[in-house]
Amino acid sequence: MRTLAAALTVALATLTLSASASASNLINNGYEDLVVAISPSVDESNAEAIISSIKKTISETSSVLFKASRQRAFFRDVKILLPKTWTNTSYDEAALNENFEDSEIRVDARNVVYGDQPYTDQPGGCGVPGRYIHLTPEYLTDDAQAAWWGPRNKTLVHEWAKLRWGVFDEIGYPHDPTFPLFYWNTQITADGIEDVVIPNYCANHDLTGELMDIVSRGQCSFKSGFPDENCRFLPSANQDATSSLMAYYYINSIVEFCDTATDEQFSHNSLAPNRHNLMCNSRSVWDVVNLHSDFANGANPPIAALTPTRITVLRQEEAKFCLVLDYSLSMEDSQRVVKLQRTAQRWILHEVAQGSSVGIVKFWGTATVTADLTEITDQASRQNLANLIDRKLGSSTSIGAGLSLAVNNVLVGQKNPVIVLVTDGEENKSPYISDVKDKVIDSGARVVTIAFGDKADPNLESLAEATGGKTFTVVDTDDGGMLDDAFLGALTYQPGDKLTDMKVQIYEYEYEGKLTQLNETFFVDASVGRDLEFRLDTNDVNYVTSAPVLARPNGTQIGATSFDSGINMWIISVPLAEEGEWAWIAGLSGGSNKYVRVGVTAKARDPETMPIYTRSWLSDTEDVDATVNPIIVYAEVKQGNNPVVGARVRASVTQPYTTAEAVELDLLDNGQGADTQAGDGVYSRYLTVYSTTGRYAVKAQVWDDGSALVNNGFTTSRKRHPRSLPAFPLDTPTYCCGSVVPVDPELATPTGNFTRSASGGSFRATAVPSGDVLPPSRVTDLQTEMKSPILTLTWTATGDDYDYGIVSGYEIRLSANRSQLLEDTFDSAENETLLLSLEESMTKPELLLEAGEKVELNFTIGDKMEMDKFYFVALRAVDDGGSVSLVSNLAAALSSSPPSEPEGLAGWAIALIVIGCLAAVAAIVGGVFYAKKKDLF
Ligand SMILES: *[C@@H]1O[C@H](CO)[C@@H](O)[C@H](O)[C@H]1NC(C)=O
Ligand SMILES: *[C@@H]1O[C@H](CO)[C@@H](O)[C@H](O)[C@H]1NC(C)=O
């Protein structure tokens with residue numbers, strides 16, 4: 001019970017995330033500032049059709065949403081954001097601060113995993129908002145696509161529920177080990193107790209439909225008592241059910257969510273093994289929706305009618321940056337001002353895009369405008385700005401004075417304003433951040449905060465959060481890499497380029513020491529190579545005794561093409577770098593407190609090749625209480641829009657005290673613990689090791705150790721047959737994806753040697769766990785295989801602290817009655833259900849493996865199982881601090897060899913009667929779909 005309570009607290013604590021500035025707000029029942037952004041990768045030639053479809057879809061979705069939310073929410077005000085590259089399409093206004101990266105609904109090119117299926121990127125847990133909804137231009141403009149995947153308005157409500165409220169699909173997926181298409185349960189009938197097989201869904205009335213083998217288009221075959229992998233449940237077009245929008249939402253009558261209310265009308269199927277039940281501990285969708293701040297405590301009570309959605313078409317403008325830099329005396333410490341000067345100059349000289357504008361404000365006890373907003377047009381404009389950044393400091397700190405000048409003077413009236421605030425101290429002179437925060441928010445400026453050292457003001461994170469900005473931290477031992485990353489983080493507010501024109505960091509290197517020559521190598525992989533730029537810089541120009549020389553894979557040497565004496569940086573440009581191992585050499589003088597840093601960037605090899613790239617982020621940034629709300633570190637690895645699987649991803653977590661070693665964390669894409677889906681190219685892990693309260697910074701490194709593959713598609717999910725063959729009233733699309741994104745090894749391509757890195761930003765912990773208080777994560781992939789008399793269990797080992805370390809043991813239970821193996825009955829289940837006790841498991845070393853490894857365990861089943869009967873198995877992990885995990889998924893096993901195919905299925909056209917969510921039982925007319933009939937009395 002203790003862990004259940006903890007899990008609920010986690011879910012509730014994370015709900016507050018939904019109030020972030022980039023998410024739309026629900027005000028008096030209407031969502032406002034919802035942004036539907038079109039990617040620069042989308043071809044402008046179809047602009048009119050795309051925009052008109054978005055307008056129509058959004059307006060219609062608003063009414064469907066209003067009904068589904070029981071008249072509590074609709075879309076009042078929506079913005080369509082056109083990319084800056086769309087120059088021939090008319091729009092209503094220039095965008096203020098809307099951008100693609102923060103938008104909630106994105107129109108972007110299709111990817112191989114989903115094709116044209118709309119989906120929500122949702123790596124978080126129950127109640128945690130998703131990242132975005134993805135729609136393809138084809139889905140929006142081709143009516144055949146909408147007819148196949150589901151009507152646009154209802155589809156969007158289905159996805160909106162995931163994005164906004166953190167609920168999940170209530171269906172199964174083909175071949176999925178955790179979320180199968182069918183499950184079984186016992187049913188009490190006049191004849192006694194019967195085992196029945198049921199399609200995996202939630203609905204408030206029986207769904208009628210058919211079972212069909214999608215290959216033979218005939219009757220389904222059975223394996224181990226279950227319909228085989230080609231068997232599908234095809235619901236009829238006409239149904240009595242009105243829920244659930246998280247299951248068969250495309251059926252006309254289905255307009256609501258399942259609910260556990262006493263009213264049977266809105267029942268919930270807590271037994272169906274689907275993602276929603278697993279993630280949300282079998283709470284109904286409506287229960288979870290009601291916990292969201294949109295509706296909690298009676299917020300936004302029902303209203304009589306909605307108003308039409310106001311839709312404005314915007315186009316993104318060039319970014320207007322204002323650097324707001326701390327020049328208080330403490331910036332002298334640890335050479336902070338020296339590093340700031342070099343980094344800011346480097347950023348202005350080499351990083352900011354042409355067309356963006358930059359202004360500079362310096363503050364100490366007061367503030368001054370060092371540079372008015374200046375457009376970056378050429379190298380001279382860069383140099384003039386960079387020259388204005390000096391090192392003259394003043395006393396006291398008034399952050400509010402700097403911010404105030406930025407919004408009231410430098411950025412006043414500007415579109416796409418971004419403030420980059422760098423500070424090392426706590427404010428001690430008014431105006432304070434709190435005095436000017438509202439003005440900053442009103443101005444629309446995003447604030448990127450960069451905290452220097454651990455004494456920087458504690459209000460920085462909340463300022464970034466409130467303005468939809470970002471937050472970074474830089475420790476004093478940093479040679480400039482962290483500060484560089486933070487400045488680079490601000491550049492995502494520049495209008496985006498096509499992926500093929502994006503600059504990708506492919507190599508990073510730092511050296512501080514006594515060697516007199518550096519002789520190193522890096523890889524240029526097949527996905528990149530155009531406009532390669534090699535840069536080497538140093539904090540002391542005399543440290544580098546011979547300028548860097550680059551060598552191609554064939555040995556040909558290339559010398560420096562330019563040297564920037566202001567920031568001691570050599571640059572070597574290569575228009576098209578061939579794939580392979582490149583080498584570089586530089587001579588050094590040796591010496592202490594001197595360093596060199598090398599960075600290599602490149603673009604996609606050619607306009608047809610998508611680059612491999614990575615992004616990293618954190619589950620939370622502001623005032624994190626890590627004892628109840630553990631931080632999850634994420635890194636996404638993709639080639640274009642396709643997931644890269646099997647890559648090595650290591651996050652380095654810098655600790656608040658600079659003397660503490662950084663914590664290294666291997667992120668995994670195995671669908672376990674923090675990772676909600678295997679193979680989607682999002683690698684995740686709980687951060688369980690904390691040294692103290694304060695700011696933690698995260699950086700992810702990605703590389704190939706020989707097993708990284710690009711998922712280029714898989715036939716099962718993409719195979720499409722026409723929606724309506726005459727004989728089939730309602731065919732069903734195969735949705736992607738459940739617990740695992742499939743990979744077709746024939747189509748997948750090895751990435752070859754590559755390296756990438758990305759900053760994940762930082763977070764500030766206000767409380768950290770001490771002692772062993774973090775419980776093991778729940779096991780979600782328990783599976784069984786029965787080869788009488790051996791029952792084999794397999795699962796992925798969970799960890800001592802969430803998904804990290806080694807547990808002390810597992811408690812495993814087996815029962816024919818699934819109700820005995822649920823979270824609140826597991827403890828009180830009868831003794832004979834115990835398959836393996838905790839004490840016994842502690843003596844089995846083969847069970848106690850590192851989190852993420854595969855466990856396999858055999859039992860010889862004697863008296864514990866009757867023949868020809870279905871059983872359930874579930875387990876729970878315990879750590880040495882006595883904390884227990886949630887109960888695992890239920891795995892089913894039939895205690896005999898598979899029965900022969902059920903008789904009497906006269907083709908596929910036999911009607912299936914499924915009796916509601918509440919009872920959650922199913923049968924086929926005539927009982928032929930019973931996996932096994934057994935009379936126990
Ligand atoms: C299954 O277990 C539950 C809870 O222990 C109990 O209430 C129910 O009667 C059991 N069902 C059968 C068929 O034994
Ligand atoms: C479990 O039993 C199967 C045969 O049913 C065997 O192949 C496998 O090696 C056994 N596994 C372990 C861990 O003993």
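Since the structure is predicted, the reported quantities are computational estimates derived from the model, not experimental observations. Just follow the structure's listing: the first ligand is 1, and inside any ligand the first atom is 1. What you see below is based on every heavy atom in this structure, not just the backbone, and it leaves out hydrogens, waters and symmetry mates. Note that the numbering runs from 1 along the sequence shown for the chain.
Residue-ligand proximity, Gln820 to ligand 1, at heavy-atom distances under 4.0 Å covers atoms 2 (O), 5 (O).
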May I have a table of the N/O to N/O pairs between ligand 2 and the protein that fall below 3.5 Å, each row giving the two atom names and the distance to 0.1 Å?
residue	atom	partner	partner atom	Å
ligand 2	2 (O)	Asn858	OD1	3.4
ligand 2	2 (O)	Asn858	ND2	2.3
ligand 2	11 (N)	Glu856	OE2	2.7
ligand 2	11 (N)	Asn858	ND2	2.9
ligand 2	14 (O)	Asn858	ND2	3.2

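Below 30°, between 30° and 60°, or above 60°: for Tyr248 and Phe233 the angle between ring planes is above 60°, a perpendicular geometry. Below 30°, between 30° and 60°, or above 60°: for His292 and Trp165 the angle between ring planes is above 60°, a perpendicular geometry.
Ion pair Lys854/Glu856 not flagged as a salt bridge, since none of the NZ, NE, NH1 or NH2 atoms sits closer than 4.0 Å to an Asp/Glu carboxylate oxygen. Between Arg685 and Asp803, at least one side-chain nitrogen of the basic residue sits less than 4.0 Å from a carboxylate oxygen of the acidic one, meeting the salt-bridge criterion.
Scored by the side-chain hydrogen bond (donor to acceptor under 3.5 Å, both in side chains) test, Asp801 finds no partners at all (sequence neighbours excluded).
Just one residue in the list Phe870, Phe222, Tyr871 forms a ring pair (Phe, Tyr, Trp, His ring centres under 6.0 Å) with Trp184, and that residue is Phe870.
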